[in-house]
Amino acid sequence: MTSVKQNLTRSTELTESDSARLDTEILLGHILGRQRTWLYTWPEYELTEIEQRQFDELLARRKSGEPVAHLTGEREFWSLPLRVNASTLIPRPETELLVETALQLFPQQQARALDLGTGTGAIALALAAEKPGWRIVAAEKSADAVALAEGNRSRLGFDNVEIVQSDWFENIAPQQFDLIVSNPPYIDAADPHLAQGDVRFEPRSALVAEREGLADIEHIARDAIEYLRPGAWLMVEHGWQQAAAVRHIFAAAGLRNIESRRDYADWERLTLGQK
Ligand SMILES: C[S@@+](CC[C@H](N)C(=O)[O-])C[C@H]1O[C@@H](n2cnc3c(N)ncnc32)[C@H](O)[C@@H]1O
């Protein structure tokens with residue numbers, strides 16, 4: 001039998017991870033059904049045979065590169081515990097900038113918003129949590145991701161969000177939104193980062209877009225115009241080198257008051273424009 005303390009030292013086995021200690025704590029906490037702080041309160045706790053076997057298996061899968069979120073099935077976004085799986089992107093902390101900016105742009109308590117490519121439902125559900133009076137449509141092409149987002153929506157109890165299976169605007173009935181947001185696929189197919197870290201385990205359909213990663217943003221900007229009421233905003237997340245190209249795409253689509261916003265690392269990762 002091996003103690004919590006001894007198992008935590010096995011973080012040294014995760015040589016490829018740049019968050020080895022944290023990963024080990026999360027996986028051990030997950031197996032034991034405990035918070036990470038509990039591990040330090042009860043370092044002498046001896047794992048049962050079953051717990052040990054389960055932990056050994058998760059650690060081995062992490063060693064082979066599987067994302068921690070896929071091993072636990074959960075990732076927190078905007079303080080919401082979201083279920084995740086291999087059907088879509090694991091929500092990233094940097095996408096919280098998009099939620100924050102949307103809330104600044106549109107402080108009103110009543111609004112109609114559309115989230116395109118909702119994945120786990122992260123953006124739509126975060127907005128719903130802050131704005132119970134908003135009506136939010138969340139569109140997603142992948143049937144498996146639609147099921148995942150719907151599961152998150154119903155488990156967290158957000159009745160003001162409707163999850164719709166749609167190839168961008170295809171199944172969205174003609175209507176006018178106050179705000180359209182999206183974190184679409186924007187990585188170029190030749191980007192070497194696709195062969196590194198967590199993204200190896202995420203679907204290409206959630207990550208990669210044609211025309212150097214800009215094809216989906218072009219599609220969204222072109223069609224969004226019909227779905228924005230005059231004065232409404234479109235906002236997309238994009239890669240750190242794409243801001244100038246996205247501003248150009250927004251201008252060509254007929255948007256005005258176009259600007260890009262920087263993330264905490266000082267990269268322009270978000271562009272918005274008004275109809
Ligand atoms: C970068 S992920 C973002 C997921 C989520 N919004 C987030 O921020 O965590 C892009 C999402 O767009 C979806 N997607 C890709 N092409 C699409 C399309 N043509 N129509 C609708 N959704 C699409 C993918 O399946 C994926 O869930």
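Order of appearance sets the numbers: ligands from 1, and atoms from 1 within every ligand. We're numbering straight along the sequence, starting at 1.
With respect to the salt-bridge test (charged N to carboxylate O, under 4.0 angstrom), the residues Asp23 and Arg62 qualify. In this structure, Arg10 pairs ionically with Asp56, as a charged nitrogen and a carboxylate oxygen lie closer than 4.0 Å. We find that Arg261 and Glu268 are not joined by a salt bridge, their nearest charged nitrogen and carboxylate oxygen being 4.0 Å or further apart. Using a cutoff of 4.0 Å between basic side-chain nitrogens and carboxylate oxygens, Glu218 and Arg222 are not scored as salt-bridged. Between Glu51 and Arg53, no side-chain nitrogen of the basic residue sits less than 4.0 Å from a carboxylate oxygen of the acidic one, so the salt-bridge criterion is not met.
No donor-acceptor contact under 3.5 angstrom links the side chains of Gln109 and Trp134, judged on distance only. Between the side chains of Glu46 and Thr2, not a single donor N or O lies within less than 3.5 Å of an accepting N or O.
Taking a cut-off of under 4.0 Å to the non-hydrogen atoms of Thr88, the atoms of ligand 1 that pass are 26 (C), 27 (O). If you number the atoms of ligand 1 from 1 as listed, the ones under 4.0 Å from a heavy atom of Gly119 come out as 4 (C), 27 (O). Distances below 4.0 Å separate heavy atoms of Asp167 from the following atoms of ligand 1: 18 (C), 19 (N), 20 (N).
Counting only non-hydrogen atoms, the option in Ala122, Ser142, Ala206 that gets closest to atom 2 (S) of ligand 1 is Ala206. Comparing Phe77, Trp168, Phe169 against atom 14 (N) of ligand 1, the shortest heavy-atom distance belongs to Trp168. Considering Asn183, Ile220, Leu207 only, the shortest heavy-atom separation from atom 10 (C) of ligand 1 involves Asn183.
Of the polar atoms of Arg92, none of the N or O atoms is found under 3.5 Å from an N or O of ligand 1, judged by distance alone. In terms of polar-atom proximity, Ser87 is not counted as a contact of ligand 1, lacking any N or O under 3.5 Å from an N or O of the ligand.
Of the protein's heavy atoms, Gly117 O, 2.8 Å lies nearest to atom 6 (N) of ligand 1. Given atom 22 (N) of ligand 1, the protein heavy atom at minimum distance is Lys141 N, 3.3 Å. Nearest protein neighbour of atom 25 (O) of ligand 1, counting heavy atoms only, is Glu140 OE2, 2.6 Å.
For the ligand labelled ligand 1, residue Ser205 lies inside the 4.0 Å heavy-atom shell. Ligand 1 is never approached by Ala139 to a heavy-atom distance shorter than 4.0 Å. At least one heavy atom of Ser166 sits under 4.0 Å from some atom of ligand 1. For the ligand labelled ligand 1, residue Thr118 lies inside the 4.0 Å heavy-atom shell.
When atom types are taken as modelled, the side chain of Gln274 and the backbone of Gly231 share a donor-acceptor pair closer than 3.5 angstrom.
Looking at Thr95 against ligand 1, only its side chain comes within 4.0 Å, counting heavy atoms.
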